[in-house]
Structures are given as C-alpha cells and as structure tokens.
Amino acid sequence: MNDRELIAGLNLCRPGADDLQHPELADVAKQVASDPRAQAIHVRIDRIDTTVRAAMHEVTLPTGFETRLLSRIRDAMADQTDASSSTAAKSNVTSQPQAPTVVSRRRWLAWSTGAAATAATVAAVIFALRDTPLDEDQLHASSQWHDALIAKSKWLELGRDNLGDHTFPSELRWTPRRYCDATSVVGRDAYAYDLTTPGGPAATLFVIQQEDNAHLSASAPLEPHLRTQGYSIAYWQRDDAIYVVVVESDRVEDYRMLLRTSVPLAA
Amino acid sequence: MADPAQPLDRPSPNVEALVAEHGAVLFRYAYRLSGSSADAEDLTQQVFLTAIQKLDQLREPAAARAWLCAVLRRAYLRRRRKPQPSSNFEIDVELVADNIPDDLNFDGERLQRAIDELPDDFKLVLVGFYFEDCSYKELAERLQLPIGTVMSRLSRAKSFLRAQLVEPEQSEAADAQKSMIDPQNNVHEPKAPHRTSRSRGVAR
C-alpha cells in the first residue's frame, strides 16, 4: 500500500471513531496495525481532524439571532395565514396554505431598524413585497410551490368545457389534465397545471401573471435552469406571464420529455 | 403549519422549542455551507419555515437535528443560482504522507475561505463529515450517493482542506523534513493536493 492509498483510506476515518473496522478499510487497518509509520500518520490525521471538527462549530452567532429568527418566523406565519384567508374569500377555488417566503435578513434589517417598526408597518412592507416582480432567486425556490401543491392541493379537472379558458405555452408537448389556483402558494396571481405524464415524474407548470420584465428568455430553455436535489426547474417569460416548469427529477431527459421538439427553444 | 387557534403573534411552541434547540447549530451549519452570515440567517429561517410545513414528516423527535440538517442542505442547494462546474475542479489526495503536519494552526476565517473554495459536491460531504460527525456510510445514505463517490469526495476534500490550512512555515518544515529523509529529493512526487487546469476534469 503506497502513501496515497493509505492517506485516502485514513481520510475516511472520523476522529476518535472506530471507522477502520469498516470492511472497505480492512487493508488500511491491517497496514496501520503492522506498520508504525502508518500508525503515526493515522495519529497525525486524527489530531488534525479533531482540530478541524472543533473549529467547524466555532461560529459566532449574530447579535439577537434567536429573537430575530423567531420574529421572522412569526411574521411569515402571520403573512401566510392572511394570504390564505384573503385568497379563500376572493375565490371559490379552495386555497392552499401558502409556502412561507424567506424575508432576507438584509431587507429585514432595513425594515425593522428602530424599535418603532410596528406590526402594521411590517405587514405593509410584506404586502408591498408581494407586488414586486419575481426574480430568479424566487423562481429557484419554485420546487417548494410544487411540493405544497402536489401534497395538498385540490385540483380541478381540465375538460372539454373549460379547456378553452386556459392557454398554455406552445413549447409544451402535453395538455395538462388538471389545474388549481396557485395564488396563495406563489404569492401573486398564478395558476398551476399538473404536467405529470403516466410513468413520468411529477411535474407542474406555473403560469404567473407578471407584466414587468424579469429579464428571462422568451421561450422554454433546452435545458432546465436548475437541476439539483431531485428537481429540475425551468422558466421563461412571454405575453405578460412567467412560465415555470418544475419536474421532480434532476434528469434532463425527464424535463425534455415535456417539450415539443418542433418548437424553437432557448439555448 | 400555523394552527388557526394559535395567536398569530407567536410561533407554535413546537417551533419555539425547535429554534431554541437547533437554531444555533443550523445557523453554524448554514454559515459553513454558504460562507455568509446574512445568507446563513436566511437559510436558517427557510429551514424552520419548511419545517413548520412538514413537521408531520418528523416521526422521531430524536432525529430532528438530522432532519433539519437535511432540509438545510436542500434549501442551500436550491438557493444556488446555478449548479457549479465541479468537474473543472481538480482535487487529489496527498501523495506523500510526510507532508501532513503534526497539527494545524488556523483561524475560523481561514477555515471558511478554504471551505468556500470547494465545489458544493465536495463541500456537502466535508461539512457533513466534520459538522454532523457522519461516517462516510451515513453520508452516502443522507446524500443519496453511491458510497464510492462519497469516499472519493471526502478523501479528496479533506486533503484539499489540509493543504489550504497548512501554514507556509509548516509546509516548509514538512519539505525540509522530507529533504532530510530524502536528501536527493527526487523520489517523492510534488506535494498534492492542488487545484489546477480547468481543462482537466475530475473522475467522480
């Protein structure tokens, strides 16, 4: 066993643990047991790991962290409840609990500067935020909208009698089978359409009303903008609407299965 | 999920308890992943907001920390604007054991800079190893990756971290030590790990 192999194996051991007992490390364990030099290397790596592990936890909490965190959670929950009840009152479609949105610490600090920041002020700011255009950061969180709807939403069937009321982007290969009002989940005027195909992964198209230019491409991309942790997300903007496709798969093929091949796609 | 019966001016007791018990740990974990205090706070908030919605998925309260850490990892990855080109990042294991110092002397800032240099694939494994004290087998399960992939990433990430944290004088001392062992200095290969050539990929 050369040094590289020895170090590669020893790197897998946690400090102070008996990870050398794992069958994958049998050769390394044998070497350490029989070779004083290997044993010394093991001790050195173990010592360094102990130092690094301790340092990893040494992060100073910002002043007022826990209070601020609880306060932000409280506001997000209140916001969520308000949005749900307001949407339910406006529409006969059963509204779903809104996925709470993260209020950036930077924005939060700006809002809450000074003790005079009353609850009414905070509520007004949150309301104003809802009218701001969606940006890419928010679109990257769209898998949460998908999760919220897939798990709990009451979907309405799309059929001959109501299909004409909906328009879909030309890039899509399949006509959705059902839809629901996603306003409470997205936080602005939006509908969600179930794009799941038989045997395929769950997929949702969000159609979000937005006139402001979000600087997105005007057609569906050839590859999703984001592929991570089991989701693919793609978005584009056309005709005063932002289209967001969320697929419960990080395979490009699963996303492309939803698209027509005859329609030009964004690079 | 908010209980309509709960007053709106305070989170449910469960959430308060979760924040009290895990808030600081999650913030530190988020900081090590994101490298930014503001982002870490946002991420921590996001984790608890997600946790509120999915609290019914937590079957074993004893597993709350691991569950929250998993939510944090997903939230972190979702916030990344684009997947990182990790295949362009070359990391290898040290070729010469004598280059490994007896111990390291570094501050938290330097540690963070070194972590920030790692692509997410490696960073998640490394931080999980040190922060959650996970074995490589547990990491493979939690990250849903093949065990060989985790072994390779962990080993290379640790070697990279050591190389970043070693003091220049320690490095020189190690070189001197090596020269004493090998006066010709022509047997051992150059010190690794290294991060070079963007045109060369990493076998995963």
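Throughout, a chain's letter reflects where its sequence line sits, starting with A, and its residues are numbered from 1.
- Only the side chain of Ile115(B) has a heavy atom closer than 4.5 Å to any heavy atom of chain A.
- Checked against Ile73(A) for a side chain to side chain contact (heavy atoms under 4.5 Å, CB included), the options Thr44(B), Val19(B), Leu18(B) give a single hit: Val19(B).
- The 12-atom threshold is not exceeded at CD of Gln144(B), counting heavy atoms of other residues, nucleotides or ligands nearer than 6.0 Å.
- Among pairs with a residue in residues 50-61 of chain A, those fulfilling salt bridge (Lys or Arg N to Asp or Glu O under 4.0 Å) read Arg53(A)-Asp133(B), at least two apart in sequence or across chains.
- Using a 4.5 Å heavy-atom cutoff, the side chains of Tyr136(B) and Cys13(A) are not in contact.
- Within the model, atoms CD of Gln45(B) and CZ of Arg72(A) stand 4.0 Å from one another, a figure rounded to the nearest 0.5 Å.
- Contact between Glu66(A) and Ala20(B) at its shortest, heavy atoms only, is OE2-CA, 3.8 Å.
- There is no contact between Ile233(A) and chain B, counting heavy-atom distances below 4.5 Å.
- If you measure heavy-atom distances from Leu143(B) to chain A, you find no contacts under 4.5 Å at all.
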Check against salt bridge (charged side-chain N to carboxylate O under 4.0 Å, His left out), Glu138(B) and Arg14(A): CA-CA 12 Å; Glu138(B) 290 166 332; Arg14(A) 290 167 297 171; 3.8 Å; yes

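- Taking each heavy atom of Asn11(A) and Ser155(B) in turn, the nearest pair found is ND2-O, 2.9 Å.
- Nearest heavy atoms, Met56(A) versus Arg32(B): O-NE, 3.0 Å.
- Nearest heavy-atom pair, Ala24(B) versus Leu61(A), reported as atom, atom and distance to 0.1 Å: CB-CD1, 3.6 Å.
- Each of Thr50(A), Thr60(A), Ile45(A), Leu10(A) has some count of heavy-atom pairs under 4.5 Å with chain B, and the biggest count is that of Ile45(A).
- For a heavy-atom cut-off of 4.5 Å, chain B lies close to Pro15(A), Asp19(A), His22(A), Pro23(A), Glu24(A), Leu25(A) in residues 15-26 of chain A.
- The structure places OG1 of Thr51(A) at 9.5 Å from OH of Tyr130(B), a figure rounded to the nearest 0.5 Å.
- Listed by first and then second residue, the ring pair (Phe, Tyr, Trp, His ring centres under 6.0 Å) pairs that reach into residues 28-53 of chain B are Tyr29(B)-Phe131(B), sequence neighbours excluded.
- Shown here for Phe106(B) and Ala55(A), the closest heavy-atom pair between the two residues is CE1-CB, 3.6 Å.
- Under the rule for a side chain to side chain donor-acceptor pair (under 3.5 Å), Asp46(A) has no partner lying at least two apart in sequence or in another chain.
- Evaluated for a side chain to side chain contact (heavy atoms under 4.5 Å, CB included) with Lys158(B), the options Asp49(A), Ile7(A), Leu12(A), Ile48(A) yield exactly one hit, Asp49(A).
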